[in-house]
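In what follows, chains carry the letters A, B, and so on, assigned in the order in which the sequence lines appear, proteins first and then strands, with residues in each chain numbered from 1. Nothing here was measured: the structure is a model prediction, and the numbers come from that model.
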Amino acid sequence: MAKGDLIKNLVIVESPAKAKTIEKFLGSDFTVKSSYGHIRDLPKGDSAIDIKHGYQPIYIVPDDKKAVVAELKKMAKQAEHVWLASDEDREGEAISWHLAEELNLDILTTKRIVFHEITKEAIKKAIANPRIINKDLVDAQQARRVLDRLVGFELSPILWKKVKGNLSAGRVQSVAVRLIVEREREINDFNAVSSYKISALFDIDDNGKKKILKAELVKNIDTEKNAEDFLKRCVNATYTIENIENKPAKKSPSAPFTTSTLQQEASRKLGYGVSQTMIIAQKLYEAGHITYMRTDSVNLSETALLAAKVEIEKSYGPSFYQLRKFANKSASAQEAHEAIRPTYFENTSINGDNGEKRLYDLIWKRTVASQMADAQLEKTIVTLGISTTTEKLVATGEVLKFEGFLKVYLEGSDEENPDEDQAGMLPPLSVGEILSLNEMDAMQRFSRPGARYTEASLVKKLEELGIGRPSTYAPTISTVQRRGYVVKEDREGRVRKFQFLKLKDNQITIETKTENTGAEKSKLFPSDIGNVVTDFLYKHFDQIMDYNFTALVEKEFDEIAEGNLEWRKMIDEFYVPFHKTVENTSETADRVTGERILGKDPVSGKTVAVRVGRYGPLAQIGDEEDEKKQFASLRTGQSIETITLELALELFKLPRVLGIYEEKEMKVSIGRFGPYIVHNSKFYSLPKTDDPYTVDADRAIEIILVKREADANKLIKTFEERPDVQLLNGRWGAYLNIDGVNYKLPKGTEAAALSLDECLTIAANDTTPKKPSRFTKKAAKKAAPAPRKAAARKPAAKKATKKK
DNA sequence: CAGTGAGCGAGCTTCCGCTTGACTT
């Protein structure tokens, strides 16, 4: 558009991708622009809210929004009509209001339009029915904004004072951490109860084919003795089919994706973290492949419903189609958008990288399945009598009569049920038939505590509690990890014994077997600091930490939106007592370290305790007054809450001096990357098979010599003119190193034959992102006080990217 | 994928919710 041109209609939406689409629908009289979300916010400091004057918020246009606002302002001046078309929810209404204020538009007359779906009909209809800004809804947003700022910026400094610096607290994040902390404690306090599951395997002859029928006792047996008694009773018994019941069953598809369910399913089926899912979804959205990805609605537009029908009937036939309209379960949903769906159902796949293709495939299948017919099943329940006892065995089978939506998609599950067998088809059986027992087992099984959260299952829980919004789920999960409250990691399981009783050929055998239990992959664990902060906040600010706090204030926000409550009054009623507690806590509460006394050191008789120190969790021998007290850091995976006296004392056994070799001392210890030997200021990692507590001098020398040998063979080639270019042998074969940066060699390259020019070409063509260059001494020092895990994972690069 | 193995001290940190940006001629 040339300078000075008159614009007939200026429409302002939130997202630029949306602006592009809408512009196509509206024709040449309309220019559609985007505000890129909120254009104003509270400034960073303490003076953002004038508490004494009715909690008056001071708004500023942040630096990164100045250009957008300037452009919109200019265009608004040139426009005949301005239409504010931000989302129809609390935040969207506030965006329109801020725009009106900042662009000098008349609040009382400027046209406000809304649509819940980006379709031509919806937009035309919106244009035909403008309203004005709803100031009550805006006030509800102001109350939300002010409350969050007051809570966050008054609680966080108390943590700096009473726990340590750089911590944070807030309405959403602190509750998210509490969920993780409490789940971990439930797991630690859990006492597994065991019982015995009885399964009988029968040999069946299915027209000459040998098959096995598995039947089970419906209720497990409580003790080993009773299980054995049961098997004893079955010696020489006959087993008769007493009843066969067939009954139809059906499965129905799930609703189309919202942000939360997309994150869950991408986690279960593709193994993506919630941020990863959102980044990929954003790309799909920007490319026009899917509708908006931050939504809490399960609704599909009429256009989408029709397109799904066409696609299903074309690809699978009319019998597979069923119109379905889903209702939202979550009361906190604001439904400003459609569900997440493919923009064009006829695109069964898209161009893009692997992640984009897989996520699109998931979205396509989920959406299409949601408009498909039920799957029809036939369930068969076979009851078997035992001649020697009144108890019954039951076998169940399932046959799929009509696939329906299962042709396309089956939702994943969070439940891990290793004991549950997939019910399949049963062999032909008849009532009165006598079956021959192959064997009967009684297997000891254990009850299990609630599962640890994954990123996605935590999002699910937060959504159930009405805490957080689609746009904040992923950032919240990142925040609690960045602050070091929560770590996402894998944990190895432990070996557990269980009893296995078997009746075969009328003989009973009892065997003790072992299984691995409790192994975790990408699960969220609380850190010690997460525990300490949660306990502190819960003790002094139970209101904020209450799982219902958000739901309660949301009710009040709704009242404000309906015009039945004045927002300043609502905030005042919350803030006055809250602030009093803040002041009181700040003055009187003790510093907290989460200290736990473990007992006495058997050698010195001194007290052994664990607590959070300046650099993280530590163990200490000797009281505060003790001048010769000793310290040792806890290891990764150890926790103040669960560590035992024995394990804490172990920490003081390292470093151990192993002896002298080549006139230098050999010392063994455990570092960030596991056990190592240090000798002549060189480090040698201990192989997994060696134990740092028992390894001896002879073995240490061996390890040193093996490493020297490897190092001697490491160098393949160097070049006189460029000493910084080296071809080296690594654990995975030859690689190229130039000035400390590693490059992969193309497959099949003979490393020793490469010339310097060829090496430089390989380096120049290598587009894989390289790690930031090695820390300088200074940078390494700076990174030191960061939380243990975070320091190991994220080098100092974080700050630089943020500033930009 | 490749290597790695911290620790003296001042001033700063922080919320939740919208949305994607990107030095020049």
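Counting only N and O atoms by type, the side chains of A:Asp546 and A:Gln543 include no donor and acceptor under 3.5 Å apart. A donor and an acceptor atom, one from each side chain of A:Lys161 and A:Ser586, are located under 3.5 Å apart.
If you take CG of A:Leu147 and P of B:dT14, they are 20 Å apart, rounded to a whole angstrom. Atom pair A:Gln142:CD and B:dC15:C1' shows a separation of 17 Å (rounding to whole Å applied). The interatomic distance linking A:Asp63 (CG) with B:dT19 (C1') rounds to 17 Å, in whole Å. Rounding to whole angstrom units, CG of residue A:Leu150 and P of B:dT14 are separated by 18 Å. Between the CG atom of A:Asp46 and the P atom of B:dT14 there is a distance of 13 Å, rounded to whole Å. When rounded to the nearest whole Å, the span between CG of A:Asp64 and P of B:dG21 equals 12 Å. What separates CG of A:Leu686 from P of B:dT4 is a distance of 16 Å, to the nearest Å. Separating the NZ atom of A:Lys18 from the P atom of B:dT19 is a distance of 8 Å, rounded to the nearest angstrom.
Between A:Arg294 and A:Asp87, no side-chain nitrogen of the basic residue sits less than 4.0 Å from a carboxylate oxygen of the acidic one, so the salt-bridge criterion is not met. Between A:Asp63 and A:Lys66, at least one side-chain nitrogen of the basic residue sits less than 4.0 Å from a carboxylate oxygen of the acidic one, meeting the salt-bridge criterion.
A:Ser156 comes within contact range of at least one nucleobase, with a heavy-atom separation under 4.0 Å. Note on A:Glu154: nothing from the nucleic acid sits closer than 4.0 angstrom, heavy atoms only. Within 4.0 Å (heavy atoms only), A:Pro16 reaches sugar-phosphate atoms of the nucleic acid but no base atom.
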If you restrict it to nitrogen or oxygen atoms, what contacts under 3.5 Å exist between nucleotides 10-12 of chain B and the protein, and what is each distance?
none

Pairwise N/O distances under 3.5 Å, protein to nucleotides 16-18 of chain B:
unit_1: B:dC16; atom_1: OP1; unit_2: A:Val172; atom_2: N; d: 2.9
unit_1: B:dC16; atom_1: OP1; unit_2: A:Gln173; atom_2: N; d: 2.9
unit_1: B:dC16; atom_1: OP2; unit_2: A:Gln173; atom_2: NE2; d: 3.2
unit_1: B:dC16; atom_1: O4'; unit_2: A:Asp148; atom_2: OD2; d: 3.2
unit_1: B:dC16; atom_1: O3'; unit_2: A:Arg171; atom_2: NH2; d: 3.0
unit_1: B:dC16; atom_1: O2; unit_2: A:Arg144; atom_2: NH1; d: 2.7
unit_1: B:dC16; atom_1: O2; unit_2: A:Arg144; atom_2: NH2; d: 3.4
unit_1: B:dG17; atom_1: OP1; unit_2: A:Arg171; atom_2: NH2; d: 2.9
unit_1: B:dG17; atom_1: OP2; unit_2: A:Thr472; atom_2: OG1; d: 2.9
unit_1: B:dG17; atom_1: O4'; unit_2: A:Arg144; atom_2: NH2; d: 3.3
unit_1: B:dC18; atom_1: OP1; unit_2: A:Arg469; atom_2: NE; d: 3.2
unit_1: B:dC18; atom_1: OP2; unit_2: A:Ser471; atom_2: OG; d: 2.4
unit_1: B:dC18; atom_1: O3'; unit_2: A:Glu14; atom_2: OE1; d: 3.0
unit_1: B:dC18; atom_1: O2; unit_2: A:His38; atom_2: N; d: 2.5

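Taking the six-membered ring for Trp and thresholds of 30 and 60 degrees, A:His679 and A:Tyr684 have ring planes inclined between 30 and 60 degrees apart. Between A:His38 and A:His98, the angle of the ring planes goes over 60°, which puts this pair in the perpendicular group of the 30/60° scheme. Ring pair A:His579/A:Tyr575 is parallel by interplanar angle, where below 30° counts as parallel and above 60° as perpendicular. Aromatic ring pairs are classed by plane angle as parallel below 30°, tilted from 30° to 60° and perpendicular above 60°; the pair A:Phe578 and A:Phe574 is parallel.
Comparing A:Gln282 and A:Leu155 against DNA chain B, the residue whose closest nucleotide sits nearer the 5' end is A:Leu155. Checking A:Ser15 against A:Phe153, the closest nucleotide of DNA chain B that is more toward the 5' end is the one next to A:Phe153.
The shortest side-chain heavy-atom distance between A:Leu651 and A:Gln638 falls under the 4.5 Å cut-off.
Residues meeting the salt bridge (charged side-chain N to carboxylate O under 4.0 Å, His left out) test with A:Lys664, sequence neighbours left out: none. Residues meeting the salt bridge (charged side-chain N to carboxylate O under 4.0 Å, His left out) test with A:Glu463, sequence neighbours left out: none. For A:Glu91, the salt bridge (charged side-chain N to carboxylate O under 4.0 Å, His left out) test picks out A:Arg144, with sequence neighbours left out.
In DNA chain B, consecutive stretches of 3 or more Watson-Crick or G-U wobble pairs with both distances under 3.5 Å do not occur.
The side chain of A:Ser685 places no N or O atom within less than 4.0 Å of a non-bridging phosphate oxygen (OP1 or OP2) of B:dT4.
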